[in-house]
Number of protein chains: 2
Amino acid sequence: MNIGDAAAQAGLPAKTIRYYEDIGLVKPRRDANGYRAFAQSDIHKLTFLARARALGFSIGDCRDLLALWEDSSRASSDVRQIAQEHLARIETKIADLADMRDTLKTLVRDCSGDDRPDCPILKRLGDPT
Amino acid sequence: MNIGDAAAQAGLPAKTIRYYEDIGLVKPRRDANGYRAFAQSDIHKLTFLARARALGFSIGDCRDLLALWEDSSRASSDVRQIAQEHLARIETKIADLADMRDTLKTLVRDCSGDDRPDCPILKRLGDPT
DNA sequence: CCTTGACCTTCCAGTGAGTGGAAGGCCTAT
DNA sequence: ATAGGCCTTCCACTCACTGGAAGGTCAAGG
């Protein structure tokens, strides 16, 4: 299967798949003409990667998860730990963003948004401490 | 004021301040020895930038906000629009992350996390559709 | 057989917002 | 005079792609 079809199957841009090959996540064989030839197992891996990335796992995590996936004697605790650490990072990020959101909401609410210059948003950003 | 003191005042790494000069956000004058000499107005700007960045505004937004801040005849509606668009982006991002979090939470909860290989997390990532 | 257009290849550069580090100049205190 | 702590510039690296240029390959239609 050529890269275009592989991309369609896995739901990833062809460019991304080439990149994943570059960094060693997939190793499709090559046809005589130099075209990448994706086996079903490659497609399966790419789909795995697409899903893991969609859950926000870093490429590093994906690499580890893929290795565990391929290791039939893995311990689920290893998988769980990766997921749990990732979950913690996401929760931190959500909390940070929620703080920003709350502040911004207040500022936007209090800003008249007309043609006058007075603006609590700029006031907040620029006021001397 | 030298860059070290400016950094301490503004709460930004010196490296970041140099970067901000590179991209034209601040333009401190130079002493005879080549050292940057930050005026109070520069410190004020840097503080503004630090706060805007802490609220998650992009450098592009910061540039625009800074220009509005310095323009005494600005319309607050312009400021408000920037903030509101940023707020919308943040809310989208929070929603995306919350989706990931929910999925991950379920998966982590359902994973035994012992030394056996069975794992709903890998199952979810690798199962044929 | 030739062309057209859709594929495919590699390689290079850029994104955002810095961060790390090397090599070297300057300033103050001892 | 020298030590150390500043400061300078410049280059490379981060992350996960993404865009584009230049060129090779393949199948279909004329």
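Numbered from 1 within each chain, the chains take letters A, B, ... in sequence-line order. The structure presented is a predicted model; accordingly, all values stated were derived computationally and were not measured.
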*Asks:* Can you pull out the residues from residues 28-52 of chain B that lie within a 4.0 Å heavy-atom distance of DNA chain C?
*Replies:* B:Asn33, B:Tyr35
*Asks:* OH of B:Tyr19 versus P of D:dT14: gap in Å, rounded?
*Replies:*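 From B:Tyr19 OH to D:dT14 P: 18 Å.
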*Asks:* Which heavy atom of B:Asp42 sits nearest a heavy atom of B:Ala37, and at what distance?
*Replies:* OD2-O, 4.0 Å
*Asks:* Rounding to an integer number of Å, can you tell me how far B:Ile17 CD1 sits from D:dT9 P?
*Replies:*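 Rounded to whole Å, this separation is 13 Å.
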*Asks:* Give a yes or no on whether a salt bridge exists between A:Arg53 and A:Asp61, defined as a side-chain N under 4.0 angstrom from a carboxylate O.
*Replies:* no
*Asks:* Given side chains that start at C-beta, do those of B:Tyr35 and B:Ile3 come closer than 4.5 Å, heavy atoms only?
*Replies:* no
*Asks:* Tell me which nucleotide among C:dG18, D:dA16, D:dT18 gets nearest to the side chain of A:Ile59.
*Replies:* D:dA16
*Asks:* Could you give the CG-to-C1' distance, from B:Asp22 to D:dT8, as a whole number of Å?
*Replies:* 12 Å
*Asks:* Does the A:Arg51 side chain pair with the main chain of B:Asp127, one donor and one acceptor, at a distance under 3.5 Å?
*Replies:* yes
*Asks:* For B:Met1 and D:dC7, what is the distance between atoms CE and P respectively, to the nearest whole Å?
*Replies:*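 Taking atom P of D:dC7 as the reference, CE of B:Met1 is at 12 Å.
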*Asks:* Report the distance from atom CD1 of A:Ile3 to atom C1' of D:dC17, rounded to the nearest whole Å.
*Replies:* 14 Å
*Asks:* Would you kindly give the CG-to-P distance between B:Asn2 and C:dG25, to the nearest whole Å?
*Replies:* 19 Å
*Asks:* For B:Gly60 and A:Arg18, take the nucleotide of DNA chain C holding the closest heavy atom to each; which residue's nucleotide lies nearer the 5' end?
*Replies:* A:Arg18
*Asks:* Checking contacts here: which listed nucleotide (D:dA16, C:dA17, D:dT8) is nearest the side-chain heavy atoms of A:Arg53?
*Replies:* D:dA16
*Asks:* For the pair made of CG in A:Asp5 and C1' in D:dA27, what is the distance, rounded to whole Å?
*Replies:* 14 Å
*Asks:* Checking A:Ser76 against B:Asp118: is there a side-chain donor and acceptor pair closer than 3.5 Å?
*Replies:*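 Looking only at side-chain atoms, A:Ser76 and B:Asp118 do not form any donor-acceptor pair under 3.5 Å.
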*Asks:* Could you please name the option among D:dT18, C:dG18, C:dT19 that lies closest to any side-chain atom of A:Lys15?
*Replies:* D:dT18
*Asks:* Answer yes or no: is there a side-chain heavy-atom contact under 4.5 Å between B:Trp69 and A:Leu125?
*Replies:* no
*Asks:* Indicate whether OP1 or OP2 belonging to D:dA16 is found under 4.0 Å from a side-chain N or O atom of A:Thr16.
*Replies:*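 It does not, given that no N or O in the side chain of A:Thr16 lies less than 4.0 Å from OP1 or OP2 of D:dA16.
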*Asks:* Figure out the CZ/P separation between A:Phe57 and D:dC15, and round it to whole Å.
*Replies:*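 Atom-to-atom, A:Phe57 to D:dC15, this comes out as 17 Å.
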*Asks:* Could you check whether any side-chain N or O of A:Arg63 sits under 3.5 Å from a backbone N or O of A:Ile23, counting only pairs where one atom can act as donor and the other as acceptor?
*Replies:*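 It does hold such a pair.
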